[in-house]
Trainee: 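Take a look at this one; I'll ask things after.
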Amino acid sequence: MDAIIVTFCCVLLCQGQKKIAANGQGVDRYRVLLSDGKFSHSSALLATQLNGKVTSGELEAFTIIRLNKFMCNTLPNGKQVLILLDLDVIAPGSEVANRIGNPQPYKSPDQSGQPTQNRAEAPSNETVTRQPPNNNRPEAPKSNGFYGAQPAVRKPYSAQKVSKPAEGTPSKVHPIDSLTPYQNRWTIRARVTSKSNIRTWSNSRGEGKLFSMNFLDDSGEIRATAFKSEVDKFYDFIQLNKVYYISKATLKTADKRYSSLANDYEMTFNSDTQVIPCEEEVDLPTIKYNFIPIGKLSETAANNTVDVIGVVRSVGDITKVIAKQSQKEITKREVFLVDEGQVQVRLTLWSSDAENFDGSGNPVLAIKGCRLSDWGGRSLSSLSQSQMIMNPDVPEAHKLRGWYDDIGHTMDYSEFQSDGSSGAGGGYATNWKTFDDVKKQNIGQDKPEYFTTKATIVFLKKENCMYMACPAEGCNKKVVDLANGLYRCEKCSKEYPNYKWRMILTANLADFSENQWVTFFQETAEVVLGRSADEIGQMRESDEAQFEQLFQEASFKSYIFKLRAKMETYNDETRLKTVCVQASPVNFHEYSKKIIEDIEKLLVV
DNA sequence: CCCCCCCC
């Protein structure tokens, strides 16, 4: 299936690419000079989704590329502009290092008046026969990689005849997969697979209302949004699961944070947009997934919207929390999903999703469009747009069912680990140690090691717990008080009229087994003292008694501490240094569960 | 032109 024929190699000849301008969204556009050794073509733009190849240095000058997907726009003056949509680097420019051949500027027939001479060398769709990589869309009816050819030369890409067009319906439809912002004469025929409620917004740029929907056809899917007057025009008219002909909407680059659809673009309805019901019976899919294996979620950008499928391994009870912003009480439920990669992920369901959830019998759960959070390493959270289906009739679900019933139910699963910057310490930590363990097992002696423990602060050292630090962003160096109202940072070699307070707090922690000296830097010190470093610094200067009181109150409190033990050498003396990377309140529900598990393990032996 | 989706 992967028969790739390299038919069109291009060399970037000049000083590589040239940044031309930012488009309306502040995204840079790059122009590339292409050559196939015989002709060169300077009117080629890199699709913005390929910008990463420029910024990463992959597309340096003289790089040989294979162009998998592109489109050609002919301007009114006859000039042909190529938009490069998908390409692979065949040889890096540093290896090629030279121009190949003596390419002459390519002129389109309209421009040059030499109709066919260059044609064979020019990018026509016959020269590109590779199946595009296709983003896991094997059903996509792609026959070539050429999008939006000039009508005089080619029929529009994959145009299909509609058997019995109803009155006023278009004679041909385009696959969703072929839509780009560079071509606006298209009609799609697609099923509405999701439709949001009407939402209003109000911000500094204005206010209004909107709703959004997903369209799906055999080739792919696309999200569309209607604003203000288009809401009035289309909201009641467009119905979930119905099939429509849609044309004349605006296309723009999709933001992956808000959509899991495998499409680089999305639609905005405008005043010209036409939506016509499709009256004939058409066989179009009702849902399409772009599943990310659970283990791969750590390689997916946090805050993206994703599709995930897994076996419900365990289900938590409904709990209630108060939302910080709205102060409203909301219900939630935590569900744990696993797959063959032997990684478990937590999915938090909200409100009615939480209330209606029945995970008995370890069903397979597919969720389309849920938020990937970096809490606790990686976790999932359902959104109002999320579509959850139990035991869907898709191959992935059948495979998971068989695997779980066969061996999956007996397996152990690893969990995502927080990097300390966010996330669930307490109940979800795996490397639990007592301070006695730390000493007896030589934790951190060979390499730095993170561990979690429940412990109590028995002593906080007030002396030298804070210092005046450089106010520059990211520079935490101690400043020298020049006693003239200025503070000098040696690192920045600069004098500032101000400083910020930074904390290095030494504490003695104890659990039932042992005690341990631990260092708390800024963020964790602020957690255990319950005040910001600035407040504490001011307090120390203005109200010594209150400062004392603060330390009294912080003592003998217990937390779930995530600690890092590491050998450090200072003044020729090497010893274990333990730093707190996270201090979390004890979640007694979770912690009790852990203790019960510990006891059960003891009983088994 | 939204893009909030909650809690630990």
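These numbers come from a predicted model, not from an experiment. Naming: A, B, ... by sequence-line order, numbering from 1 per chain.
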Trainee: Taking atom P of B:dC2 as reference, at what distance in whole Å does atom NZ of A:K195 sit?
Mentor: 21 Å
Trainee: Looking at every strand, decide which applies to A:R223 at a 4.0 Å heavy-atom threshold: base, sugar-phosphate, or nothing.
Mentor: base
Trainee: Please determine, for the side chain of A:R371, which listed nucleotide (B:dC5, B:dC8, B:dC2) has the closest atom?
Mentor: B:dC5
Trainee: Using whole Å, what does the distance between atom P of nucleotide B:dC5 and atom CG of A:N197 come to?
Mentor: 17 Å
Trainee: Which nucleotide in the list B:dC5, B:dC8, B:dC2 gets nearest to the side chain of A:E334?
Mentor: B:dC8
Trainee: Looking at A:K209 and A:E230, is any side-chain nitrogen of the basic one under 4.0 Å from a carboxylate oxygen of the acidic one?
Mentor: no
Trainee: So does A:S386 get a side-chain nitrogen or oxygen closer than 4.0 Å to the phosphate oxygens (OP1/OP2) of B:dC5?
Mentor: no
Trainee: Taking the side chain of A:A323 as its heavy atoms from C-beta onward, which of B:dC8, B:dC5, B:dC6 lies nearest to it?
Mentor: B:dC6
Trainee: From C-beta outward on A:L383, which listed nucleotide comes closest to its side chain: B:dC5, B:dC3, B:dC8?
Mentor: B:dC5
Trainee: Answer yes or no: is there a donor N or O on one side and an acceptor on the other, between the side chain of A:T187 and the main chain of A:S247, under 3.5 Å?
Mentor: no
Trainee: How close or far is atom P of B:dC5 from atom NZ of A:K324, stated in whole angstroms?
Mentor: 12 Å
Trainee: Please report the interatomic distance CD1(A:I246) to CZ(A:F269), rounded to the nearest 0.5 Å.
Mentor: 6.0 Å
Trainee: Do the ring centers of A:F556 and A:F459 come within less than 6.0 Å of each other?
Mentor: no
Trainee: According to a strict under-4.0 Å criterion, is A:K228 in side-chain N/O contact with OP1 or OP2 of B:dC2?
Mentor: no
Trainee: How long is the line joining CG of A:N303 and P of B:dC3, in whole Å?
Mentor: 15 Å
Trainee: What is the distance, rounded to the nearest whole Å, between atom NZ of A:K368 and atom P of B:dC5?
Mentor: 21 Å
Trainee: What is the distance, to the nearest angstrom, from the CH2 atom on A:W350 to the C1' atom on B:dC8?
Mentor: 9 Å
Trainee: As a test of reading the structure: which of B:dC3, B:dC5, B:dC6 is closest to the side chain of A:E266, going by heavy atoms?
Mentor: B:dC3
Trainee: Please confirm whether the shortest side-chain N or O distance from A:R199 to OP1 or OP2 of B:dC3 is below 4.0 Å.
Mentor: yes
Trainee: Check this for me, if you would: do A:R378 and A:D374 make a salt bridge, where the nitrogen-to-carboxylate-oxygen distance has to be below 4.0 angstrom?
Mentor: no
Trainee: Looking only at N and O atoms, is any donor in the side chain of A:W375 or the base of B:dC8 less than 3.5 Å from an acceptor on the other one?
Mentor: yes
Trainee: Using a 5.5 Å cut-off between ring centres and planes within 30 degrees, is A:F227 stacked on the base of B:dC1?
Mentor: yes
Trainee: Which whole-number value in Å describes the distance from A:I330 CD1 to B:dC6 P?
Mentor: 8 Å
Trainee: More 5' along DNA chain B: A:Q385 or A:T268, using each one's nearest nucleotide?
Mentor: A:T268
Trainee: Less than 6.0 angstrom from the centroid, inside 45 degrees of the normal: does A:K195 satisfy that with respect to the ring of A:Y235?
Mentor: yes
Trainee: Between B:dC6 atom C1' and A:L349 atom CG, what is the distance in whole Å?
Mentor: 13 Å
Trainee: Considering only heavy atoms and no angle criterion, is a donor-acceptor pair shorter than 3.5 Å present between the side chain of A:S381 and the base of B:dC5?
Mentor: no
Trainee: State which of B:dC6, B:dC2, B:dC5 makes the closest approach to the side chain of A:S326.
Mentor: B:dC6
Trainee: For B:dC2, does OP1 or OP2 lie under 4.0 Å from any side-chain N or O of A:R205?
Mentor: yes
